[in-house]
Amino acid sequence: MRDKIIVGNWKMNHTMEDTHRFLQEILPFCEVASQHHVRLGIAPSFLSLLTATQATSKHLLIYAQNCHALPKGAFTGEVSIPMLQEIGVDGVIVGHSERRQYYAETNVDCNQKIKSLHAAKLQIIYCVGETLQEYENGETMQVIEKQLREGLTTIEPQALRTMVFAYEPVWSIGTGRNASVEIAQSVCHGIRSILASLTNHEVAQEVLIQYGGSVKPENALQYLSTKDIDGVLVGGASLIPESFKALVECLWK
Ligand code: PGA
């Protein structure tokens, strides 16, 4: 049986002090979650990453929200993978729709980051998802297949095994308009089938797939109870310790 994985994407929220306070409240709870085979993670801002890695236990994964594919160079404003490794970051979110939308990140950019992250042995959450227009045109699976094929070009099937995939329909992020469980399950099933065609059935069955987009404590369990959704990637509802805990506790309460 696959583990569950719940990750809070904090985006541009929480100062270092906020991060410290959040961790004080959440850390004892993380051990409880691990006993229930739930992997927990947060993705704070770059500045709060060190606060998080210094405070955290092995029961809470710390993700960066982005990275540069190259180890160093003249790239003003960027952060490299060796810099993240130096402070003990566990993994990186790649291809979040806000990165694609506001910073023009392409599937090819994602592919370069994924390759470098694999080489560095950091964990990866690769986000895919369609815009509202693509959804209304019935193009969801075509868009996602392209994101997967181009984003995973030349990645070894064995390397894919450890990756996490997040289906995040752009029209449901931060809008309160979450995708229905039926849609989310069916797209996550489709993602698993595409991954099987890129690798093999065994790898595709092992890979963890999350749903993200307006997930809240009130609706998390319905996604987490489906066959192909192994976790959730949560923005707004992950910022407050009580709400983050409630998202996780629904799995055993
Ligand atoms: P949301 O964000 O939960 O606030 O919709 C999800 C995400 O962007 O990962």
Side-chain angles (χ1 to χ4, degrees), residues 4-14 18-19 22 26 38-46 48-49 52 60-67 89-105 109-110 113-114 123-132 134-135 140 143-144 147-148 151 163-181 183-185 187-188 191 208-224 226 229-251:
K4 298 284 184 217
I5 178 161
I6 299 181
V7 177
N9 173 14
W10 287 1
K11 311 190 181 188
M12 200 173 69
N13 294 292
H14 281 344
D18 298 332
T19 304
F22 179 96
I26 210 81
V38 186
R39 299 188 208 169
L40 289 189
I42 53 167
S45 74
F46 281 128
S48 287
L49 283 173
L60 182 66
L61 298 164
I62 307 300
Y63 291 89
Q65 297 171 18
N66 183 31
C67 67
V89 166
D90 298 291
V92 178
I93 298 175
V94 175
H96 188 280
S97 65
E98 286 151 16
R99 300 291 320 167
R100 293 177 187 265
Q101 198 179 343
Y102 305 134
Y103 303 96
E105 274 191 21
D109 296 327
C110 293
K113 292 178 193 198
I114 291 172
Q123 296 180 27
I124 299 160
I125 298 178
Y126 182 39
C127 301
V128 295
E130 79 287 10
T131 62
L132 181 58
E134 290 161 342
Y135 170 71
T140 300
V143 170
I144 290 177
Q147 290 169 333
L148 290 173
M163 282 180 68
V164 175
F165 294 85
Y167 167 50
E168 297 211 310
V170 178
W171 46 272
S172 75
I173 295 177
T175 57
R177 183 183 169 190
N178 48 303
S180 71
V181 181
I183 293 176
Q185 157 57 28
V187 175
C188 290
I191 291 174
L208 300 181
I209 303 177
Q210 299 175 306
Y211 165 75
S214 301
V215 176
K216 298 180 182 59
E218 304 82 62
N219 62 22
L221 186 60
Q222 49 178 353
Y223 295 107
L224 293 165
T226 61
I229 305 176
D230 307 304
V232 284
L233 183 56
V234 189
S238 73
L239 292 171
I240 298 165
E242 292 68 38
S243 154
F244 187 67
K245 278 191 217 171
L247 278 163
V248 183
E249 275 175 340
C250 71
L251 280 165

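Atoms within each ligand, like the ligands themselves, are counted from 1 in listed order. In this text, all values refer to a predicted model and were calculated from it rather than measured experimentally.
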Rounded to the nearest 0.5 Å, what's the gap from [atom1] on [X] to [atom2] on [Y]? Could you check?
X	Y	atom1	atom2	result
I93	I124	CD1	CD1	12.0 Å
C127	L233	SG	CG	5.5 Å
H96	Y103	NE2	OH	12.0 Å

Does ligand 1 come near enough to [X] that some N or O of the ligand is less than 3.5 Å from an N or O of the residue?
X	result
E98	no
G236	yes
V234	no
T175	no

TODO: Please could you name the atoms of ligand 1 that G213 approaches to less than 4.0 Å, counting only its heavy atoms?
DONE: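 Per the distance check, 5 (O).
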Open item on the list: Are the side chains of L221 and L251 in contact, using a 4.5 Å heavy-atom criterion?
Closed with: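 Side chain of L251 against side chain of L221, heavy atoms only: contact under 4.5 Å found.
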TODO: Determine whether any heavy atom of H96 lies closer than 4.0 Å to an atom of ligand 1.
DONE: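 In this structure, H96 qualifies as a contact of ligand 1 - some heavy atom is under 4.0 Å.
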Task: G212 touching ligand 1 at heavy-atom level, < 4.0 angstrom - done: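 Contact absent.
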Where is the nearest protein heavy atom to [atom]: which residue, which atom, and how far?
atom	answer
atom 3 (O) of ligand 1	G235 N, 2.8 Å
atom 2 (O) of ligand 1	K11 NZ, 3.3 Å
atom 9 (O) of ligand 1	E168 OE2, 2.7 Å

Task: Expected output: side-chain K113 to main-chain C67 donor-acceptor under 3.5 Å - done: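 Checked: pair present.
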Open item on the list: Looking at A43, is its backbone amide N or carbonyl O close enough to the side chain of Q65 to form a donor-acceptor pair, meaning the two atoms are under 3.5 Å apart?
Closed with: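 Yes, Q65 side chain to A43 backbone: donor-acceptor pair under 3.5 Å.
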Open item on the list: Under a plain distance cut-off of 3.5 Å, with no hydrogens placed, do K216 and N178 share a side-chain donor-acceptor pair?
Closed with: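 There is no such pair (donor and acceptor under 3.5 Å, judged by atom type) between the side chains of N178 and K216.
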TODO: Give me the ring orientation class for Y223 and Y211: parallel if the planes are under 30° apart, tilted from 30 to 60°, perpendicular past 60°.
DONE: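 Parallel: the ring planes of Y223 and Y211 meet at under 30°.
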Open item on the list: Please classify the I173 to ligand 1 contact at 4.0 Å (heavy-atom distances, strictly less than): side chain, backbone, both or neither.
Closed with: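 Near ligand 1, I173 shows its backbone as well as its side chain.
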